[in-house]
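Letters A, B, ... are given to chains in the order of the sequence lines, protein chains preceding strands, and every chain is numbered from 1. Everything numeric in this text was worked out from a predicted model, so none of it was measured.
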Number of protein chains: 2
Amino acid sequence: MYEMPKSKSDVAGDVFCAKCPARYLITKLSSKWSLLIIDALKDGPMRNGELMRFIDGISQKMLTQTIKELAEMKLVHREDHQTIPPHVVYSLTPLGEGLQEKICSLDRWIEENVIAMVEDNNSIPLKLI
Amino acid sequence: MYEMPKSKSDVAGDVFCAKCPARYLITKLSSKWSLLIIDALKDGPMRNGELMRFIDGISQKMLTQTIKELAEMKLVHREDHQTIPPHVVYSLTPLGEGLQEKICSLDRWIEENVIAMVEDNNSIPLKLI
DNA sequence: CCGTATCCTACCAGATACTG
DNA sequence: CAGTATCTGGTAGGATACGG
């Protein structure tokens with residue numbers, strides 16, 4: 001799937017090059033849960049339970065796993081207050097804020113153009129009741 | 001995974017709602033191949049072979065499959081000249097052009113911020129040679 | 001409250017071979 | 001050239017139960 005870069009030029013950002021880290025990152029980020037979590041954090045820090053309720057359909061497992069990946073990419077900051085019961089807060093890093101603008105722009109566009117994309121399309125399960 | 005919308009309000013665009021078609025669309029679009037194909041078509045129509053060469057690492061299977069999905073969403077137009085040998089050209093629809101702007105913006109941001117996201121990170125296979 | 005661990009399944013997606 | 005068809009392993013991701 002992802003291959004180790006073999007020369008210095010592979011380190012430059014080019015999503016079209018299979019060996020570039022940029023391809024690795026776009027692979028990681030191109031999941032619905034990554035996009036939705038970053039979008040959800042746009043208005044400020046949120047806790048685990050808040051995210052679970054806000055992002056309808058996400059499981060605890062996928063939330064934890066995806067947030068961990070986003071933290072490794074330095075897009076999300078995890079703040080553990082070390083209390084009992086636990087109090088953990090997630091927020092976007094400055095880097096994450098930059099990405100958030102792009103992702104929110106994408107998400108809002110999708111929401112605004114849903115009808116155009118699904119109309120007259122039998123393979124998309126849209127049902128106006 | 002995706003559930004049929006059960007009331008009219010579910011048809012409005014809200015990616016955070018599991019039953020909204022917008023969620024279905026973001027699920028479909030959040031794949032590396034969808035993002036890369038739409039990005040690749042930004043400078044004009046391309047043929048099957050051109051896309052194969054331009055998008056390093058994509059297989060014929062995934063290209064065909066993903067482009068079919070994008071065509072169903074009315075984002076990509078497939079033009080078959082009905083000749084032998086075959087001559088098929090893919091291009092963005094007007095709707096696809098709108099999405100392309102958002103996706104390219106996202107891709108360029110990723111490329112520009114690769115270094116910041118991967119530095120000091122052992123779990124991301126970056127190797128400066 | 002915020003996780004982890006385990007099991008289990010469906011589908012993603014690469015490899016390969018074949019077609020008009 | 002631009003596909004289709006089939007096989008297969010790998011992994012995403014849900015369900016469930018447990019833990020600090």
Is a donor from one side chain sitting under 3.5 angstrom from an acceptor on the other, for [X] and [Y]?
| X | Y | result |
| --- | --- | --- |
| A:Lys102 | B:Ser105 | yes |
| B:Thr64 | B:Gln60 | yes |
| A:Ser30 | B:Lys32 | no |

Among C:dA13, C:dG3, C:dG20, find the nucleotide with the atom closest to the side chain of B:Pro86. C:dG20

Selected nucleotide, minimal atom distance to B:Val88 side chain, candidates D:dC1, D:dA2, C:dG3: D:dA2

Just how far, in rounded Å, is [atom2] of [N] from [atom1] of [X]?
| X | N | atom1 | atom2 | result |
| --- | --- | --- | --- | --- |
| B:Arg78 | D:dC1 | CZ | C1' | 12 Å |
| A:His81 | C:dG3 | NE2 | P | 12 Å |
| B:Met62 | D:dT4 | CE | P | 13 Å |
| B:Lys68 | C:dC12 | NZ | C1' | 16 Å |
| B:Ile67 | C:dA13 | CD1 | P | 16 Å |
| A:Arg53 | C:dC1 | CZ | P | 7 Å |
| A:Trp33 | D:dG13 | CH2 | P | 8 Å |
| A:Asn48 | D:dG20 | CG | P | 18 Å |

If you measure from the Lys or Arg side-chain nitrogens to the Asp or Glu carboxylate oxygens, is any gap between A:Glu111 and A:Arg108 under 4.0 Å? yes

Between A:Thr64 and B:Gly57, just flag the one whose closest nucleotide in DNA chain C comes earlier from the 5' side. A:Thr64

A:Asp39 (side chain) donor-acceptor with A:Leu35 (main chain) under 3.5 angstrom: no

Please determine whether a side-chain nitrogen or oxygen atom of [X] lies at a distance below 4.0 Å from atom OP1 or OP2 of [N].
| X | N | answer |
| --- | --- | --- |
| B:Arg47 | D:dA2 | yes |
| B:Lys32 | C:dC12 | no |
| A:Ser59 | D:dG13 | no |
| A:Tyr90 | C:dC1 | no |
| A:Lys61 | D:dC18 | no |

